[in-house]
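In what follows, a structure is listed as structure tokens, so that the remarks can point back to it.
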There are 2 protein chains.
Amino acid sequence: METVERLIRSTQELLWERGYVGTSPKAIQAAAGAGQGSMYHHFSGKAELAKAAIERSGVEMRAAAEELLGGAGTAGERIARYLGRERDVLRGCRIGRLTADPEVVADPELRAPVDETFTWLRGRLAEVIAEGKQNGEFAATIDPDRLAATIAAVLQGGYVLARAADSTEPFDLAIQGLLELIEA
Amino acid sequence: METVERLIRSTQELLWERGYVGTSPKAIQAAAGAGQGSMYHHFSGKAELAKAAIERSGVEMRAAAEELLGGAGTAGERIARYLGRERDVLRGCRIGRLTADPEVVADPELRAPVDETFTWLRGRLAEVIAEGKQNGEFAATIDPDRLAATIAAVLQGGYVLARAADSTEPFDLAIQGLLELIEA
DNA sequence: GTCTATATGCCGATAGAC
DNA sequence: GTCTATCGGCATATAGAC
């Protein structure tokens with residue numbers, strides 16, 4: 001693999017685990033097997049590299065969601081499949097995690113890909129929900145934008161509760177509770 | 001105010017905004033108006049001070065929740081009041097934020113107060129939900145532990161979505177969507 | 001493109017005076 | 001209790017050779 005590619009992927013992993021403040025250029029270089037000079041030749045610094053890594057993670061997250069939300073089946077089935085897919089729960093969400101970082105939230109260049117990813121996700125979920133309303137799966141009183149936000153929030157909050165408990169249980173409970181409400 | 005008290009409160013604020021990795025003893029001392037020697041006289045180091053600060057935040061968060069969940073009104077009213085209370089949404093949750101910090105999650109001493117706070121919250125919500133089931137407010141099919149986890153997750157995830165968007169809107173949508181599901 | 005050398009400053013803490 | 005001095009190490013680059 002090329003050096004640039006290794007740098008981006010290593011940064012993705014480190015940002016996921018340690019966030020922006022907790023990720024040093026030195027650690028990135030070590031993980032990528034690249035030297036100091038090499039990293040600074042390809043990127044102007046930590047911020048630019050982080051931007052590339054976050055954008056990449058956003059693209060990957062969207063693709064993974066679309067695979068399930070755009071697949072076969074009823075709207076309810078696709079949402080349930082998305083909610084129930086295998087996840088490395090205790091590692092948390094690679095994108096959501098970054099919202100804890102004040103440096104990411106404060107920098108428009110770094111926050112943009114985070115924002116775009118969640119805005120897309122909520123919009124895509126809302127589309128599927130609207131579909132489900134049309135064919136009578138969901139009550140006509142349901143507001144797609146609201147329910148979409150609720151679904152995305154349960155996932156993000158589920159990660160938080162799971163990491164607090166050092167157990168996937170609260171995550172699973174939260175998802176099951178949501179499905180009970182939706183399917184009732 | 002005493003020095004110890006100022007140190008703890010300053011640490012609470014800094015942990016809220018910048019997390020454990022992003023909070024340095026030097027910054028704590030500056031915020032508390034205390035010198036190096038003073039801080040290390042009262043606390044063995046950053047970890048011990050952080051533990052005291054997290055415990056304090058946990059106590060405060062529980063008290064604030066209990067005030068609404070244990071107040072007057074039906075179960076549904078109390079939950080809606082808790083969900084709808086004023087929050088500094090874009091600052092996120094002081095406790096939930098810490099789950100993004102690998103050093104907090106990995107250290108039993110630091111994770112314990114985080115875990116206890118959310119475990120208490122889910123338990124308390126489940127009690128109120130069970131009450132609501134008994135007097136017919138909620139369907140008999142509702143599982144209190146699941147719904148409690150869902151409610152806590154929507155709040156925590158709502159903060160994440162709001163900070164990503166740099167807007168409280170997704171938080172409000174997520175809460176409204178949850179209330180629509182519960183009240184339906 | 002990648003390497004090594006160098007730089008300023010913060011990190012987290014310890015030591016010992018006052 | 002609080003202060004100042006000191007410490008080894010890392011953070012985040014920049015400079016210039018190869």
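Letters A, B, ... mirror the listed sequences (proteins, then strands); counts begin at 1. In this text the structure is predicted, and so the values were computed from the model without any measurement.
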Response to the item:
CG (B:Leu69) and CD (B:Glu127) are apart, to the nearest 0.5 Å, by 9.5 Å

Worksheet, complete the sentence: Value for CG (B:Leu15) from CD1 (B:Ile8), rounded to nearest 0.5 Å, stands at 11.5 Å

Worksheet item: Under 3.5 Å, is there a donor-acceptor pair linking the side chains of B:Arg87 and B:Tyr159?
Response: yes

Worksheet item: Salt bridge or not for A:Lys51 and A:Glu48, using N-O below 4.0 Å?
Response: no

Rounded to whole angstroms, how far apart are [atom1] on [X] and [atom2] on [N]?
{"X": "B:Glu48", "N": "C:dG12", "atom1": "CD", "atom2": "P", "answer": "16 Å"}
{"X": "B:Glu103", "N": "C:dC11", "atom1": "CD", "atom2": "C1'", "answer": "12 Å"}
{"X": "A:Phe43", "N": "C:dT2", "atom1": "CZ", "atom2": "C1'", "answer": "15 Å"}
{"X": "A:Met39", "N": "C:dC3", "atom1": "CE", "atom2": "P", "answer": "13 Å"}

Response to the item:
Heavy-atom contacts, protein to nucleotides 8-18 of chain D, under 4.0 Å, summarised as B (base), S (sugar-phosphate only) or - (none) per nt, yield ---SSBB----

Worksheet item: Are A:Gln29 and A:Tyr40 close enough that some pair of their side-chain heavy atoms sits under 4.5 Å apart?
Response: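 Yes, side chains in contact.
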
Worksheet item: A:Thr3 side chain N/O closer than 4.0 Å to the phosphate oxygens (OP1, OP2) of C:dT2?
Response: yes

Worksheet entry | Presence of A:His42 side-chain N/O under 4.0 Å of C:dT2 phosphate oxygens OP1/OP2 |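 Yes, within the criterion.
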
Worksheet entry | B:Glu13, B:Gln12, B:Glu5 screened by side-chain hydrogen bond (donor to acceptor under 3.5 Å, both in side chains) with B:Arg9, the one that passes |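 Only one option passes, and that is B:Glu5.
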
